[in-house]
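Proteins get letters first, then strands, A, B, ... in listed order; numbering begins at 1 in each. Please read these numbers as outputs of a predicted model, since none were measured by experiment.
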Amino acid sequence: MLQRTEIKDALQSKQIGQPINVRGWVRSRRGNKNVSFIALNDGSTIKTIQIVVDLEKFPEEQLKPVTTGACISATGILVESQGSGQAVEIQLTELVVYGTADVDQYPLQKKGLSMEYLRTIAHLRPRTNTFGAVFRIRHHMAMAIHTYFHEHGYFYFHTPLITASDCEGAGQMFQVTTKNLYNLKKTEDGKIDYSDDFFGKQTSLTVSGQLEGELGATALGKIYTFGPTFRAENSNTPRHLAEFWMIEPEVAFMDIDELMALEEDFIKFCVKWALDNCMDDLEFLNQYVDKGLIERLRSVIASDFVHLPYTEGIRILQEAIQNGHKFEFPCEWGDDLASEHERYLVEEHFKRPVIMTNYPKAIKAFYMKIDEQESGYNGKSGQTVQGTDVLFPQIGEIIGGSVREESYDKLMAEIEARHIPMKDMTWYLDTRKYGSCPHAGFGLGFERLMLFVTGMQNIRDVIPFPRTPKTAEF
RNA sequence: GCUUCCUUAGCUCAGUCGGUUAGAGCAUCUGACUGUUAAUCAGGGGGUCCUAGGUUCAAGUCCUAGAGGGAGCGCCA
């Protein structure tokens, strides 16, 4: 049998008049009593190749199983197309049907399928144009991430997925245990006895690789993590998953300005990568999912991100309120900003991405470096921390980053003030105890980047098998 | 977790004030058409109106509860 050619290559081929073999899944078949046209897709590209069937050589009976969804091998002669719409097509000489798809049962149709419906058949949705495009782009974004960090001298550092620490505070955790939940052994004071559990202590799935990432950065200099993360929050929104992938670079000797430059440069690199490598898929999404997509991607690459200290952000919001803008929630200095406030700043006031910095320390994590230089609110220093959140149009917070507090004493003071359980965390504190150094890093939700790059509306549609509260199908 | 909306044919949706036999487009099937490309044209088949109660002479329509889904908010990435 002739060697298989992938459809993306077949469509570019100049071997007119030569035999060719393609294999894939039938998107549609149409025609009249003389000729039948099969649109075939093999996933290598969003495009289909047209197989032209002369019904005198292939009687209708033989073509019966060639229905939408069926898998076939088509051998024929590559010819210049007589019709408009494609440069080349294949005149069929030999047909093999690998697998049929009963038209009364196969759930995918040529058109008119909602995202909600496709989510119920997530095992088949990669065969649709939209999800094919999304998952090809997902691959390319993963490659972009590895390429960016590798080319900038970062090391890919693997942090554990199972952890015994519960102090990061990033969210509720999924417990990991081999204990018999129907017959739990209790200690004398009524607590669960984990001493006979698999790890001999209580363990969970990680909510962040950052703390372990800091161990890597304070030895290798520049590291990044890229792996799955798990949060058991009961979050029901189009921007949250219980299982998602996170990118967390951590860099020794990096200050807040360098951190912001990294965040901006990294995101722009990824967006540009998509425009350079995924244009066919982006054009499809631009046409059918989000009309402004490509323009928005280009504008993000072209614009400089705003650097906005929290205190200045509050001032702008209060000015907006004085000018008659209505917000549901208040925003006094010290309040955490609500989505509506972030959206106002990004989408209405600045109309470009904003990196918000120097937040009040009370609303941020314990490990963020306290701002001693910043004059801060009412001219008093030490009230803010060097956090840097990148806020994007449509999707809100895409990155949360900060300079880390490198002083052992200051870090311990925060930990004690917040009553954070650190008894099993001496390994983390050792980074500050031995050769402590200034360092910084950020976390970027991979699926949120995917939302932005694809224009998709719901985070459940940019990961093949989404896990959300009450849903763990497939 | 809170608020709110939705659930009618395989899919996307109409369905008026509670009133005769529940409709459309697409899909599918049959036929027509000498090259289509979201093909087109003609015709046919296809219904547990989410589930369980209730109100009523009469419920897809009103009420209660439950299930599933979406959106907004909170938490965050």
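- Judged by distance alone, with hydrogens and angles left aside, Glu233(A) brings no side-chain donor or acceptor close enough to the base of G74(B) to form a pair under 3.5 Å.
- Residue-to-nucleotide contacts include a donor-acceptor pair under 3.5 Å from the side chain of Gln91(A) to the base of G35(B).
- A salt bridge does not link Lys8(A) to Asp42(A): none of the charged side-chain nitrogens sits closer than 4.0 Å to a carboxylate oxygen.
- With hydrogens and angles left out, the side chain of Gln109(A) and the base of G10(B) share a donor-acceptor pair within 3.5 Å.
- Taking atom OH of Tyr117(A) as the reference point, atom C1' of C13(B) lies 15 Å away to the nearest angstrom.
- With U34(B), C75(B), G35(B) as the choices, the nucleotide that has an atom nearest any side-chain atom of Lys33(A) turns out to be U34(B).
- Across the protein-nucleic acid pair, Arg467(A) atom CZ and C76(B) atom P stand 25 Å apart, rounded to whole Å.
- Note: CZ (Arg30(A)) to P (A27(B)) measures 12 Å, nearest angstrom.
- In this structure, Glu233(A) does not pair ionically with Arg231(A), as no charged nitrogen and carboxylate oxygen lie closer than 4.0 Å.
- A donor-acceptor contact under 3.5 Å is not formed by the side chain of Ser339(A) with the base of C73(B).
- G35(B) atom P lies 19 Å from atom CG of Leu92(A), rounded to whole Å.
- Counting atom types as modelled, Gln105(A) pairs no side-chain N or O with a base atom of U28(B) as donor and acceptor under 3.5 Å.
- Glu250(A) and Lys222(A) are not joined by a salt bridge, as no carboxylate oxygen comes within less than 4.0 angstrom of a charged side-chain nitrogen.
- At a threshold of 4.0 Å, the pair Arg136(A)-Asp280(A) does not count as salt-bridged, since none of the basic side-chain nitrogens sits closer than that to a carboxylate oxygen.
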